[in-house]
Amino acid sequence: MKKHLLLIGLCTIVLFGCSNSDEELASSTSVSSEVAAVLVDDVKQEDIDKIKSALEEGFSSFSDVSYSNETRTFHLTPKDGVSETDTLKKVANDPNYAEHEKVIKDMASSVVEMSNLIEDNIAKDIRIELDNPNENEESFFVVSNGQIEYPILK
């Protein structure tokens, strides 16, 4: 029952609407904070599937979600041909421009809450990474245990 509540809570994530401007993209990021507590010692396939499903619920409009067992990382890979990816490409081309840096940080902060919920309720050291739409470039951000790294801003 508690795991079902966790899934319902995680599935309430609404991260991106159909925007194509930096401001709309940044302002459309949010995460629901109401999730039931479930303590699990190990990451089970069932829990990975629940997290993946929640990420797909929030990100499927502009990215594919995959999971790597080796690195315990969920990758959000932007899809070609959607307005959000076009915006991400623009941000990636000049990430240190103040407005673009704000977009990156706003997007990451919305994922931090989910990362904290995963750490508290499922397992530690699960990473969520927003890949750069420009292949072989640094990721926008990596979130794990509620901590954010911004490889693209280095």
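Worth saying up front: this structure is predicted, and the values here are computed from it rather than measured.
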Q: Count the heavy atoms of every other residue, nucleotide or ligand shown that sit under 6.0 Å from CD of Q147, and state whether that count exceeds 12.
A: no
Q. Does the ring centre of Y150 sit less than 6.0 Å away from the ring centre of F141?
A. no
Q | Smallest separation among heavy atoms of L88 and F140, with atom names | A | O-CZ, 3.3 Å
Q: Nearest 0.5 Å please: distance from the CD atom of E56 over to the OG atom of S61.
A: 12.0 Å
Q) For F74 and V65, which heavy atoms make the closest approach, and how far apart are they? A) CD2-CG1, 4.3 Å
Residues 75-82, side-chain donor-acceptor partners within the protein, below 3.5 Å, at least two apart:
from: H75; atom 1: ND1; to: D131; atom 2: OD1; distance (Å): 3.0
from: H75; atom 1: ND1; to: D131; atom 2: OD2; distance (Å): 3.4
from: T77; atom 1: OG1; to: D131; atom 2: OD2; distance (Å): 2.9
from: K79; atom 1: NZ; to: S60; atom 2: O; distance (Å): 2.6

Q | For D125, the option from T73, N145, T71 that meets side chain to side chain donor-acceptor pair (under 3.5 Å) | A | N145
Q | Intermediate values then yes/no, side-chain contact (heavy atoms from CB on, under 4.5 Å), Y67 and I126 | A | CA-CA 10 Å; Y67 180 72; I126 299 291; 4.1 Å; yes
Q) To the nearest 0.5 Å, what is the distance between CD (Q45) and CG (D49)? A) 4.5 Å
(Q) Under a 4.0 Å threshold between the charged nitrogen and the carboxylate oxygen, would E129 count as salt-bridged to R127? (A) yes
Q) Looking only at heavy atoms, which two atoms of R72 and K124 are closest? And how far apart? A) NH2-O, 2.6 Å
Q: Answer whether the closest heavy-atom distance between the side chains of F59 and V111 falls below 4.5 Å.
A: yes
Q) NZ of K105 to CG of L153: how many Å apart, nearest 0.5 Å? A) 6.0 Å
Q. If you measure from CG on N69 to CD1 on I48, what distance do you get to the nearest 0.5 Å?
A. 5.0 Å
Q. Atom CG in D106, atom CD in E101: separation rounded to 0.5 Å?
A. 10.5 Å
Q: Could you go through the side-chain contact (heavy atoms from CB on, under 4.5 Å) check for M114 and I51 one step at a time?
A: CA-CA 9 Å; M114 182 172 186; I51 296 167; 4.1 Å; yes
Q: Apply the test side-chain contact (heavy atoms from CB on, under 4.5 Å) to residues N93 and N134: give CA-CA distance (whole Å), side-chain angles for both, the deciding distance (0.1 Å), then the verdict.
A: CA-CA 9 Å; N93 290 333; N134 300 324; 3.4 Å; yes
(Q) T87 vs F62, test: side-chain contact (heavy atoms from CB on, under 4.5 Å). Steps then yes/no. (A) CA-CA 11 Å; T87 300; F62 81 97; over 6 Å; no
Q | Nearest non-hydrogen partners of T85 and P133, listed with the distance | A | CG2-CB, 3.9 Å
Q. Is there a path from V142 to M107 through hydrophobic residues (I, L, V, M, F, W, Y) whose side chains come within less than 4.5 Å of each other?
A. no
Q. Looking at S144 and S115, what are the two nearest heavy atoms and their distance?
A. C-OG, 3.5 Å
Q) Between P151 and E138, what is the shortest heavy-atom contact and its length? A) CB-OE1, 3.3 Å
**Q.** Straight-line distance of I118 CD1 to N116 CG, nearest 0.5 Å
**A.** 9.5 Å
Q: Report yes or no: do I122 and V112 belong to one cluster of Ile/Leu/Val/Met/Phe/Trp/Tyr joined by side chain heavy-atom distances under 4.5 Å?
A: yes
